[in-house]
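Predicted model only: the values in this text are computed from it and were never measured. Naming convention: chains lettered A, B, ... in sequence-line order (proteins, then strands); numbering from 1 in each chain.
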Number of protein chains: 2
Amino acid sequence: MAKANEKTKGEAKESAAKSREPLTRERVLGAAVAMADEEGLDALSMRKLGQKLGVEAMSLYNHVKNKDAILDGIVDMVVGEIEIPADAPDWKTAMRRRAAAAHDVLLRHPWSVALIESRMGLGPSRMGYFDWVIGTLRGAGFSLDLAYNAFLTMDSFIYGFTLHEVNWPFQTDEERDRVLAETMPNIPMEDYPNIHALMEHATAVSAGLDEAAAAGVSPYVAEFEFGLDLILDGLERARDGA
Amino acid sequence: MAKANEKTKGEAKESAAKSREPLTRERVLGAAVAMADEEGLDALSMRKLGQKLGVEAMSLYNHVKNKDAILDGIVDMVVGEIEIPADAPDWKTAMRRRAAAAHDVLLRHPWSVALIESRMGLGPSRMGYFDWVIGTLRGAGFSLDLAYNAFLTMDSFIYGFTLHEVNWPFQTDEERDRVLAETMPNIPMEDYPNIHALMEHATAVSAGLDEAAAAGVSPYVAEFEFGLDLILDGLERARDGA
DNA sequence: AATCTATGCTTACGTCGTAAGTTTGTCAAG
DNA sequence: CTTGACAAACTTACGACGTAAGCATAGATT
């Protein structure tokens, strides 16, 4: 018995260096986010997550209720990453900064967009986010009803756009060329003339997907800001109009 | 032998009435859509789908490559359900009708919103949809670049809003009251004053979730149309402005 | 020293998608 | 009428999944 113990301890000593840190809920959630970032949400299984933490799958259940709780947890972590601008000079720039922050964070965790949407209304982070928007707009002269509608419109656009973006079939110049080369034969020019025109347009205009990526910017910021400003200007008119 | 045949035919006659129809790709996809509508996308498994069709799971593979192909197939079916308005008097009503049609179809198949987003750019239905929007806008005096941005903004909003909507925690008056009663204690009034104000607002304004449902309308059409009209008006200005 | 509690591990069950191989029902050619 | 081929169904089996149930151990409390 004593011998067996000794041997167990011995062979565990160096490989368990990582796993000697005591494995808290925070460590579990952190590893889950990292794994989803690296390998995608589908690759996030209890067994693989345990493995990454140097632990068996079932041990995770001492720190989180079940996998669903992990998903809730990482959703709230990501939402909590979205910074709420504190010192914006006016409501428009406040909204713009918040939207940009959300856009950035969501693109850093592409799996999170769909996941957040599928678990609406759970976490406290989202509540704060929500309260701040309504409060800021009300402080800028929006009625409660208008602020409510404004929130829905802005948030629908932000999440909808980003969801489109992370699932867009190409993110680099090379991918775009390959996808277009594969797809064009299936799309007869005469049936879809506008798509063809647009392809050329896209090739010409967004010539630099790679450059944007190299600059650490989303390749589709321009399109994002177009829609966002359209909405913000519309909201301003709605406030001043009626 | 003759006897055996007779018996087989005999006992199969009524229970196999459904499964005697020869099980085509169309029947598989139709059943898949029905099952997703009834029990949710997670409940759609090859085994259950086979069962529903009176067949073993593996038999489905004679008609579809794999489950992924089924998902692609049902996505294209749903997208194909969205009617493209043919005789609209002007571009705005054309876009409004198209948006309303999409909204309706997506709400009839709530699971489809996230699924469509996760499989962008595959089906031919979506291509037609896309081509029509760009073409209509160009015909109404929009530049190609503006039409492209307009499409992204509108589609982001439509899908983003509907995705919010199908995951919204309450769809009926009773659900709303229960969810609010459960959630309010966790949201201290003084930390989230605007949420509280909004709750009262929502309770007062959207008093009739049930009524809308009874009338066969989405309870959130008003909010949807608010955002959509905001965007359409903004697009009109963008076209006329520059 | 005895006991409790927290935290890890092992085993096992039912479900999933699907690869591989086998049976069966239909129909054309000999 | 037999035969042989082909399509479409079925059977079996594998590895991965989430997790219920129970066991082991080590540190803290009594």
If you count heavy atoms of other groups shown closer than 6.0 angstrom to CG of B:D68, is the number above 12?
yes
Taking any heavy-atom pair under 4.0 Å as a contact, classify B:K48: base, sugar-phosphate, or nothing.
sugar-phosphate
Starting at CG of B:L41 and ending at P of C:dG17, how long is that distance when rounded to a whole Å?
11 Å
Find the distance B:L60:CG to C:dA19:P and express it as a whole number of Å.
14 Å
Scan the side chains in residues 109-118 of chain B for donor-acceptor partners under 3.5 Å anywhere in the protein, sequence neighbours excluded, and list what turns up.
residue, atom, partner, partner atom, Å
B:H109, ND1, B:D37, OD1, 2.8
B:H109, ND1, B:D37, OD2, 2.9
B:H109, NE2, B:E81, OE1, 3.3
B:H109, NE2, B:E81, OE2, 2.8
B:W111, NE1, B:D37, OD1, 2.6
B:S112, OG, B:H109, O, 2.7
B:S118, OG, B:L115, O, 2.9

Starting from C1' on C:dC16, measure out to CZ on A:R47 and report it in whole angstrom.
12 Å
Sidechain-backbone polar pair: A:H103 side chain, A:A99 backbone, donor-acceptor under 3.5 Å
no
Hey, does A:S45 reach any base, or is it just sugar-phosphate, or nothing, if we go heavy atoms under 4.0 Å?
sugar-phosphate
Is B:H63 close enough to D:dA7 that one of its side-chain N or O atoms is under 4.0 Å from OP1 or OP2 there?
no
Quick one: sort the B:W168 and B:F170 rings into parallel, tilted or perpendicular, breaks at 30° and 60°.
perpendicular
If only side-chain N and O atoms of B:S59 are considered, is one of them under 4.0 Å from the OP1 or OP2 phosphate oxygen of D:dA8?
no
Please report, rounded to the nearest Å, how far the C1' atom of C:dC9 is from the CG atom of A:L23.
13 Å
Whole angstrom is fine here: how far is it from CZ in B:R25 over to C1' in D:dA7?
18 Å
Looking across every strand, which nucleic acid part, if any, lies under 4.0 Å from B:L44 by heavy atom: base, sugar-phosphate, or nothing?
sugar-phosphate
B:M46 has its side chain closest, among D:dT11, C:dT11, C:dG17, to C:dG17
Separation of C:dA19 C1' from B:Y61 OH (nearest whole Å)
10 Å
Can you tell me the distance, in whole Å, between the CD1 atom of A:I70 and the P atom of D:dG18?
9 Å
Separation of atom CZ in A:R27 from atom C1' in C:dG8, rounded to whole Å
13 Å
Distance-only donor-acceptor test, A:N62 side-chain atoms vs C:dG8 base atoms, 3.5 Å
yes
Among D:dC10, D:dA20, C:dT18, the one nearest A:M58 by side-chain distance:
D:dA20
Establish, yes or no, whether a centroid distance under 6.0 Å links the rings of A:Y220 and A:F224.
no
